[in-house]
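Okay, structure first, notes after.
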Amino acid sequence: MQRSTLHLRNGDTSVVLDLTTDGLPAIVHWGTDLGDLTTAELDGLALAAVPQRVSGGIDVPARLTLLPQDAFGWQGTPGLDGHRAGLLFSSALALTSHTATEHSATFTARDDVAGLELLVELDVTPAGLLTQRLTLTNLADTPFELGALAPTFPLPATATEILDTTGRHLRERSPQRRDLTVGIHLRESRKGRPGADASLLLAAGERGFGFESGLVHAVHVAWSGNHRLAAERTVTAESFLQASELLLAGELVLAPGESYTTPLAMGSWGEGLNELAGRFHTEVRGRAVHPTRPRPVTLNTWEAVYFDHDLATLTALAERAARVGVERFVLDDGWFLGRRDDTAGLGDWYVDADVWPEGLDPLISTVRNLGMEFGLWFEPEMVNPDSDLARAHPDWLLQPAGRLPVPARQQQVLNLAIPEAFDYILTRIDDLLSTYDIAYIKWDHNRDLLGAGDARTGRVVVHEHTLALYRLLDELKVRHPGLEIESCASGGARVDLGILERTDRIWTSDCIDPIERLDNQRYTGLLLPPELMGAHISGPRSHSTHRSHDLSLRAGIAFFHHLGIEWDISRLTDAEEAELTRWVGAHKAVRDLAHTGRVVHADLPDESMDLRGVVAADGSRALFTITQRTTSANYPTGRLHLPGLDPLRSYTVRLAEPFDAVPGPGQSPLLWAQDGVTTTGRALATAGLQAPILYPEELLLIDVRAL
Ligand code: DGJ
């Protein structure tokens with residue numbers, strides 16, 4: 001039987017679609033570039049994927065299409081769920097037309113009985129991502145209540161193991177794995193933000209896939225409200241991923257003629273997670289909004305002074321910050337009306353004259369005169385019941401009918417979908433940005449949304465509230481060109497490519513303990529390149545784990561990222577100041593490389609060690625950190641391989657600035673580290689080099705340069 005196929009190619013990726021299926025087209029291949037295929041070869045590929053009819057089954061075996069529907073026999077989770085007051089629950093959207101370029105396609109499908117039209121926009125990007133966006137339009141003259149509309153990505157048969165991330169405040173993006181067996185693995189956020197425990201992405205691959213090997217596919221949804229990621233396997237041996245907004249009951253009712261468009265669902269793949277993440281990084285770096293100027297080394301005042309705002313103390317901190325090389329000074333929580341602790345004030349965005357009798361001018365002038373940018377903390381979507389705002393406008397707080405949601409950090413949420421509330425918050429922030437020389441906002445969001453209804457209508461409004469948040473951020477960026485914004489949410493609870501379309505970095509976690517940050521940054525890095533992740537050097541003793549670490553470990557773990565300091569450095573000794581200054585200087589000397597290079601993680605058999613690095617885009621140079629997490633059972637620890645180098649080039653490996661010696665307790669010199677050693681990228685990736693003997697919780701930085 002003749003098939004009708006499309007072959008989309010870009011970024012070393014092929015996507016082959018069979019258009020001959022019932023309903024919408026089916027993706028019959030997503031992954032490695034298949035090269036030029038003739039029509040006959042494409043037909044063959046598509047035909048080879050058609051299943052046989054089975055006993056006890058339906059007459060025409062169902063296919064996993066771009067929108068699996070029960071009307072065509074699909075018995076797994078459908079791509080669309082909705083109804084008209086309980087009727088017309090089973091859609092039969094069937095392809096009516098399509099357009100295609102070499103790398104993209106659109107498909108239009110209609111169901112005249114259900115009164116629905118669907119548009120699927122599919123693109124294989126230059127980075128090799130497969131992106132999908134679906135738009136559903138209500139063609140009939142009655143409302144259509146939408147429950148779910150889910151972009152669907154097929155998995156190869158070899159995908160039998162799932163990886164996703166979970167977490168909590170102070171431990172975001174902790175990996176977890178399980179088998180992909182028949183059934184569904186569902187990761188949802190019902191918190192109005194991705195949340196600390198949300199999965200950044202959902203990956204499925206060959207058993208035991210790692211960073212360096214094993215075919216693996218993953219999806220991410222570029223959305224900052226509620227979301228749903230699912231991995232499913234059916235008894236008909238179809239495996240797939242879905243990535244969509246999660247819609248709550250009654251949240252989305254399409255009026256006649258109205259449409260709903262899903263957030264962008266993004267799929268990546270790779271032979272190992274390094275390649276999969278590399279595609280996301282290339283994509284993110286290719287966006288017009290991606291920051292291009294060097295990421296300013298930041299000092300954030302939170303762990304230095306908390307709510308204790310005092311001009312003299314902060315001036316001393318700013319002076320010391322400038323001396324060690326800080327380029328951006330950020331005043332955290334505590335500057336506005338009534339905000340002496342976390343019980344009051346949110347919503348009253350006026351500088352508190354009790355603490356700042358002359359306003360913020362004296363501090364900002366000092367900071368600017370020292371050559372640094374000034375940044376200010378806000379939590380615009382939040383309101384303390386103990387605030388003038390809440391007292392004046394109780395109906396601006398999100399709530400189900402008749403009661404306030406349970407408090408979290410003594411706060412409630414401002415309903416940005418109310419135009420007056422939106423205007424109030426826009427005016428307050430705009431006014432402060434216009435009055436003061438503020439280059440940066442740390443935009444915080446410290447509670448989950450629960451019972452997120454509109455007090456006036458009683459309807460759930462997470463979707464509208466999220467869109468209003470995006471409008472607010474966009475408007476501030478238009479009014480204040482060059483303004484940079486950080487997405488912070490109880491640390492790293494709002495990390496997604498929706499918020500990052502209008503913000504410039506994320507706060508990766510409130511936990512700055514470098515050992516905890518190893519996994520946090522590694523798994524956040526599945527989606528984000530290091531320049532978008534805030535990584536700060538804490539004080540010697542971590543405030544969240546009470547462990548103490550040397551500066552070299554604290555700085556070394558933050559080194560490749562958007563570097564900052566979160567520490568009261570006003571009382572450093574001269575020696576400590578000199579050491580910190582060296583680290584900041586060393587970072588500035590290599591941040592170009594770190595913020596444009598390819599990130600690689602080594603799969604090490606000895607889990608007591610961590611080896612990761614960034615390789616310059618042209619392969620000419622690389623930097624690696626070797627971290628001894630715990631003691632090793634081996635002594636010495638044996639050889640380490642350096643992944644990601646050009647196998648055909650020769651490289652010299654030596655200690656990187658600011659190291660001038662191996663810091664550990666080794667009994668004799670590590671020969672290669674003394675004067676450096678030169679060999680090929682292939683040799684370094686296979687034979688490798690002897691690991692340094694390090695104390696546990698100690699790190700070494702190495703510099704690798706092509707000859
Ligand atoms: C939570 C953030 O993650 C912290 O960095 C800090 O800004 C506090 N909020 C301030 O309340």
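Everything quoted here is computed from the prediction, not taken from an experiment. Atoms within each ligand, like the ligands themselves, are counted from 1 in listed order.
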Distance from [atom] to nearest protein heavy atom, with residue and atom:
| atom | result |
| --- | --- |
| atom 2 (C) of ligand 1 | Asp444 OD2, 3.2 Å |
| atom 7 (O) of ligand 1 | Asp332 OD1, 2.8 Å |
| atom 11 (O) of ligand 1 | Asp333 OD2, 2.6 Å |

Decide if atom CZ of Arg171 counts as having more than 12 heavy atoms of other residues, nucleotides or ligands within a radius under 6.0 Å. no
Touching ligand 1 at all, His169? Heavy atoms, strictly under 4.0 Å? no
Using heavy atoms and a 4.0 Å limit, tell me yes or no: is Glu379 in contact with ligand 1? no
Ring centroid separation Trp335 to Phe378 under 6.0 Å: yes
Enumerated ligand 1 atoms positioned under 4.0 Å from heavy atoms of [X]:
| X | answer |
| --- | --- |
| Trp507 | 3 (O), 5 (O) |
| Asn446 | 1 (C), 9 (N) |
| Gly491 | 3 (O) |
| Cys488 | 2 (C), 3 (O) |

Output yes when Arg505 and Glu484 qualify as a salt bridge under the 4.0 Å nitrogen-oxygen rule, no when they do not. no
What residue among Arg554, His536, His543, Glu303 forms side-chain contact (heavy atoms from CB on, under 4.5 Å) with Trp567? Arg554
